[in-house]
2 protein chains.
Amino acid sequence: MPVPTGSSLDPDRTRAAILRTAEGVLYARGLDGVGIAELCATAGISKETLYRHFGSKDELVRCVLEARSDRVTHWLARAAADAGDDPAAQLAAVFDALGRWFDEPGFRGCAIVNAATQHHTAPASTIAARHLGRYLDLLTSIATRAGAADPAALGRRLLLLLEGATVVADHLEGPGAAADAREAALALLNSAVKRRA
Amino acid sequence: MPVPTGSSLDPDRTRAAILRTAEGVLYARGLDGVGIAELCATAGISKETLYRHFGSKDELVRCVLEARSDRVTHWLARAAADAGDDPAAQLAAVFDALGRWFDEPGFRGCAIVNAATQHHTAPASTIAARHLGRYLDLLTSIATRAGAADPAALGRRLLLLLEGATVVADHLEGPGAAADAREAALALLNSAVKRRA
DNA sequence: TCCTGATCGAACCAGTCGGTTCCATCTTGA
DNA sequence: TCAAGATGGAACCGACTGGTTCGATCAGGA
C-alpha cells in the first residue's frame with residue numbers, strides 16, 4: 001500500500017528525516033558497513049524515495065557529512081561563546097564539551113574524520129580538511145584573544161590535542177582523554193602567553 | 001599451470017609475502033576497499049593458498065595488524081633509544097621520526113587506528129587499544145626518566161599529541177603537524193619538570 | 001473536484017563479495 | 001624413486017551490493 005493512509009506528504013520533512021537517520025546509522029556502522037536497503041528500512045522509507053531525494057549513496061553521504069560538520073562546528077563555537085570572555089575559560093569550555101561528547105553512549109570518534117579514513121577520497125577528504133580547518137579557526141581565534149605570541153602556532157597545537165583526544169577517547173579504554181587534553185591545552189596557552197609578556 | 005616450474009616451495013616465505021603485500025594494499029585502500037580476489041592477484045598467489053595460510057579474511061587482517069603494531073612500536077622505541085640518554089632529546093626524536101613518516105608518499109594515518117575506525121569491533125579494536133597502550137608506555141617511560149611530577153599524566157598528554165599529529169597530518173593539508181607536536185611536547189615536558197623542581 | 005506529484009512495495013539488474021572445492025602440476029624431503 | 005604437500009587456475013556458491021523501474025495508491029494545491 002503506497003503512501004500510507006493518514007500520512008502527511010512533506011518532501012522537505014522526508015528529506016530531513018532521511019538525513020537524520022542516515023547520519024546515525026552511518027556513524028554507528030561505518031560508511032561501508034550498512035547498505036542502502038537497510039538504511040531505507042531504518043528510516044522507514046522506500047529506496048525510490050531515497051533516490052529521488054539524493055540520487056546516490058555517495059551524494060547522501062556527502063550531504064550527511066556536510067550537515068554534521070556544520071552542526072558540530074556551531075556546537076563547539078557555542079560552547080566557547082557561552083563560557084564568557086576569558087580565553088582560558090573558553091578553551092576549557094571547549095574541552096569540557098568534548099568530554100561530555102566522549103562520554104555519550106555510542107561515541108565513536110569524529111564522524112567526519114572517520115568518514116575520511118574510510119573513503120580517503122573526495123568528497124569525504126575535502127569535507128574533513130575543511131572541518132579541521134574550522135576547528136583550527138576556532139582555536140586560533142581563542143589563542144589570538146589570549147594574546148599568544150604566535151596565535152597560529154598555538155592554534156595548530158591545540159588542534160592536535162583536540163583530535164588526539166578524540167582518537168584516544170575512541171580507541172583506548174578509560175576516561176579522561178578530554179580532561180588530559182584540557183590540562184595540556186591550558187598549559188600550552190599559559191606558556192605561550194607568559195613567554196610573550 | 002599450478003606450481004610454476006622452477007619456483008621454490010617455501011610455505012613460511014609465502015606466508016610472509018602474503019602478509020607484506022596485504023599490509024600495503026589494506027593500508028592504502030582500506031579493509032573493506034579491497035576484496036580477497038584482488039589481494040591474491042596483487043600478491044601473485046591463488047585464493048586457495050591464501051585460505052590455507054589464513055583461513056579467512058578476518059584472520060588475515062588480524063595477522064596484518066598484529067605484525068604492523070609490533071613493527072611500528074619497535075621502530076618508534078628504536079628512534080627514541082638512538083637519540084641518547086636525554087629524555088627531551090628522546091622525545092624530540094620520536095616526533096622527528098613521526099615527521100619523516102608523515103612525509104612519506106602514501107602516508108594515510110596510523111594503520112591500526114584506521115582499521116579500528118573501519119571495523120569498530122574485535123579484533124581490530126582490541127589491537128588498537130593495545131597499540132595505543134604501547135605508545136603510552138614509551139611516552140610515560142620518557143616522562144619518568146625526565147623526572148616529571150606526574151609521569152603518567154604527562155605520558156597521556158604526549159599520547160594525545162602523537163595521535164593528534166597523525167590524524168592532522170593525514171587529513172589536513174600542509175606539513176608541520178609533527179613539528180608542531182614536537183614543540184608542544186617539549187613545552188609540556190618542560191613545564192611538567194619545572195613545576196616539580 | 002481533479003490533477004500533480006510524493007510515496008510505497010516489489011521485482012529486477014549486473015556486479016562483487018567472501019568463501020569452497022576440484023584437479024593438475026610441481027617441489028621437496030625421506 | 002616416490003609419496004606428501006604446496007600451489008595455481010578455474011569454476012562455482014549463496015548472499016549481498018548499489019541502483020533502476022513499474023504500477024498502485026494516496027495527499028495536497030489549484
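Predicted model, so just to flag it, every value in this text is computed and none were measured. Note on naming: letters A, B, ... go to the chains in the order of the sequence lines (proteins, then strands), and numbering restarts at 1 for each one.
Within the 3.5 Å criterion, the main-chain N or O of Ala122(A) finds no donor-acceptor partner in the side chain of Thr126(A). Looking at Glu163(A), its side chain never comes within 3.5 Å of a backbone N or O of Val168(B) through a donor-acceptor pair.
Applying the 4.0 Å criterion to OP1 and OP2 of dC8(C), one finds that Ser46(A) has a side-chain N or O inside that range. In this model, the phosphate group of dA6(D) is not approached by any side-chain N or O of Thr49(B) to a distance below 4.0 Å at OP1 or OP2. Contact annotation: Thr14(B) reaches the phosphate of dT7(D) (side-chain N/O to OP1 or OP2, under 4.0 Å). Remark: His53(A) is not in phosphate contact with dA6(C), judged by side-chain N or O atoms under 4.0 Å from OP1 or OP2.
Ring-plane geometry between Trp101(A) and Trp75(A) is classed as perpendicular, the angle between the planes exceeding 60 degrees on a 0 to 90 degree scale with a lower cut at 30.
Between Asp32(B) atom CG and dT16(C) atom P the separation is 17 Å, expressed in whole Å. Between Ile18(B) atom CD1 and dA6(D) atom P the separation is 12 Å, expressed in whole Å. Whole-Å rounding puts the Glu38(B) CD to dG19(C) P distance at 16 Å. Taking atom OH on Tyr51(A) and atom P on dG5(C), their separation rounds to 23 Å, with Å as the unit. The CD1 atom of Ile36(A) sits 14 Å away from the P atom of dC8(C) (whole-angstrom rounding). One can place CZ of Arg62(A) at 19 Å from P of dG18(D), the figure rounded to the nearest angstrom. One can place CZ of Arg15(A) at 13 Å from P of dA6(C), the figure rounded to the nearest angstrom. Counting to the nearest Å, the C1' atom of dA6(C) and the CZ atom of Arg52(A) are 6 Å from each other.
With DNA chain C read from its 5' end, the first of the two nearest nucleotides for Leu31(B) and Lys47(A) is the one closest to Lys47(A).
Looking at Asp70(B) and Arg134(B), a side-chain N of the basic residue comes within less than 4.0 Å of a carboxylate O on the acidic one, giving a salt bridge.
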